[in-house]
Amino acid sequence: MRSFRLVLAGIPLSGTVFLLCALLAQPPHRVTGVVAAAIFCPMWFAMSAVNALGGVAAGNRARIEAVLAGLIFAVPAAVSLLLWWASRAWWEGGPVVTAGRTGWVLVAGVALWAAVAQLIAVWNTPGSGVRAMAAAAAVFGPLWMAIMIVNLLIGLSVGYTLVEELPVLAVNVAVPVAVAVIARSRMHGRTGAA
């Protein structure tokens, strides 16, 4: 079941990495898919390997853990490679997000939060949902802030002023982080009431 949950976390994570690469891409936008795959595949391979090593350390057979690691890696990596192929075939290296960009950034932020929360929930001790949500929020907040600072720097490099970019940064950071905080407090409230 843990392997299946990791695959289910990896698939949207690969899509989120692709979306973030599309949002942060600079003209001529021809390498969005390859950059997304180059970021996602090694990262996901490392996560799959760490999961397998944890399984072996817990007493599971190495051969079984190796097969599971291959499956855990293969499905989300295949989605990432499919997105690369689709971007080359359909969008000439895109897609290029030009309209509704802030909305897409917020979607990417919430999707990244969901993937981080799922990964930490899978790797956390059973029965500790509050700790898992707290850990996920602690990982997600700084990660998202760093991504959004890169977004701000890209905005500055294409001619926006810092005064124009700061409110956008505030919204882009606040909404996904608020989702993380609300999820954490709802989890805490649910376990505290039980």
Side-chain angles (χ1 to χ4, degrees), residues 1-55 64-124 132 135-136 139-151 153-154 172 175-176 179-180 183:
M1 184 54 122
R2 179 178 169 149
S3 300
F4 183 69
R5 288 176 59 203
L6 280 171
V7 169
L8 289 181
I11 291 170
L13 184 59
S14 69
T16 302
V17 170
F18 181 79
L19 178 57
L20 284 168
C21 287
L23 288 165
L24 299 175
Q26 294 298 295
H29 310 291
R30 290 193 174 90
V31 295
T32 300
V34 70
V35 169
I39 291 169
F40 177 77
C41 288
M43 175 189 67
W44 193 248
F45 180 80
M47 288 183 183
S48 301
V50 166
N51 183 63
L53 292 173
I64 291 172
E65 287 297 326
V67 169
L68 288 174
L71 293 173
I72 291 167
F73 171 74
V75 174
V79 169
S80 182
L81 295 173
L82 181 64
L83 288 169
W84 174 12
W85 174 81
S87 75
R88 287 179 48 92
W90 297 332
W91 302 304
E92 295 181 16
V96 178
V97 180
T98 56
R101 195 169 182 288
T102 299
W104 283 110
V105 168
L106 298 177
V107 166
V110 172
L112 183 61
W113 155 249
V116 167
Q118 177 66 20
L119 285 170
I120 290 181
V122 168
W123 284 332
N124 207 22
V139 168
F140 172 74
L143 174 64
W144 187 244
M145 183 65 171
I147 293 169
M148 289 301 95
I149 288 173
V150 169
N151 186 51
L153 294 172
I154 290 170
N172 286 345
V175 172
V179 169

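- Pairing each heavy atom of Leu83 with each of Gly15, the nearest pair is CD1-CA, 3.9 Å.
- Atom CD of Glu65 and atom CG of Leu53 lie 9.0 Å apart (nearest 0.5 Å).
- When every heavy atom of Ala69 is checked against every heavy atom of Ala52, the shortest pair comes out as CB-CB, 3.8 Å.
- Contact annotation: the side chain of Ile72 approaches that of Trp44 to within less than 4.5 Å [non-hydrogen atoms, C-beta and beyond].
- To the nearest 0.5 angstrom, Leu81 atom CG is 4.5 Å from Cys41 atom SG.
- The line from OG of Ser80 to CD1 of Ile39 is 9.5 Å long, rounded to the nearest 0.5 Å.
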Pair Phe4-Leu8, side-chain contact (heavy atoms from CB on, under 4.5 Å): steps then yes or no: CA-CA 6 Å; Phe4 183 69; Leu8 289 181; 3.2 Å; yes
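- Thr32 contributes atom OG1, which lies 11.5 Å from atom CG of Leu20 (distance to the nearest 0.5 angstrom).
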Going by atom type alone, with no hydrogens or angles, which donor-acceptor pairs under 3.5 Å involve a side-chain atom of residues 139-151 and a protein atom two or more places apart or on another chain?
residue : atom : partner : partner atom : Å
Trp144  : NE1  : Asn172  : O            : 2.7
Asn151  : OD1  : Arg101  : NH1          : 3.2
Asn151  : OD1  : Arg101  : NH2          : 3.1

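- A distance of 10.5 Å separates CG of Leu153 from CG of Leu24, quoted to the nearest 0.5 Å.
- When every heavy atom of Gln118 is checked against every heavy atom of Ala9, the shortest pair comes out as CG-CB, 3.3 Å.
- Closest heavy-atom contact between Val79 and Ser14: CG1-OG, 3.3 Å.
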Leu13 vs Leu112, side-chain contact (heavy atoms from CB on, under 4.5 Å): CA-CA, chis, key distance, verdict: CA-CA 7 Å; Leu13 184 59; Leu112 183 61; 3.8 Å; yes
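- Between Leu71 and Ser3, the closest side-chain pair of non-hydrogen atoms is not below 4.5 Å.
- Across all their heavy atoms, Gly33 and Ser87 have their closest contact at CA-OG, 3.4 Å.
- For the ring-ring contact (aromatic ring centres under 6.0 Å, His included) test, no residue two or more places apart in sequence or in another chain qualifies with Trp104.
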Test log, rule side-chain contact (heavy atoms from CB on, under 4.5 Å), inputs Phe40 and Cys21: CA-CA 11 Å; Phe40 177 77; Cys21 287; over 6 Å; no
